[in-house]
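First the structure, in the form of structure tokens, and then the observations on it.
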Amino acid sequence: MAPGIGSLIIIAIIALLVFGPKKLPEIGKAFGSSLREFKNATKGLASDDEDTVKKVEDKKNDVQ
């Protein structure tokens with residue numbers, strides 16, 4: 001089940017109360033950059049896997 005709009009608003013209000021209005025943008029920025037870095041790292045892993053599969057298929061075709 002995905003959280004609804006009401007629960008997202010409640011989570012945002014609790015985060016605002018816990019971290020405060022000055023710290024919350026910094027936390028969001030750090031989370032966004034971490035997510036971007038993770039996405040780039042996983043994209044690199046996926047392209048490495050595709051390269052490996054292509055090399056194996058090329059070797060298989062050369063043998064036949």
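This is a predicted model, so every value here is computed, not measured. Below, all heavy atoms of this structure are taken into account, side chains as well, without hydrogens, waters or symmetry copies.
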Cluster link Val18 to Ile27, ILVMFWY, side chain under 4.5 Å: yes
Identify which one of Ile10, Leu17, Ile11 satisfies the side-chain contact (heavy atoms from CB on, under 4.5 Å) criterion when paired with Ile14. Ile10
Salt bridge or not for Glu26 and Lys23, using N-O below 4.0 Å? yes
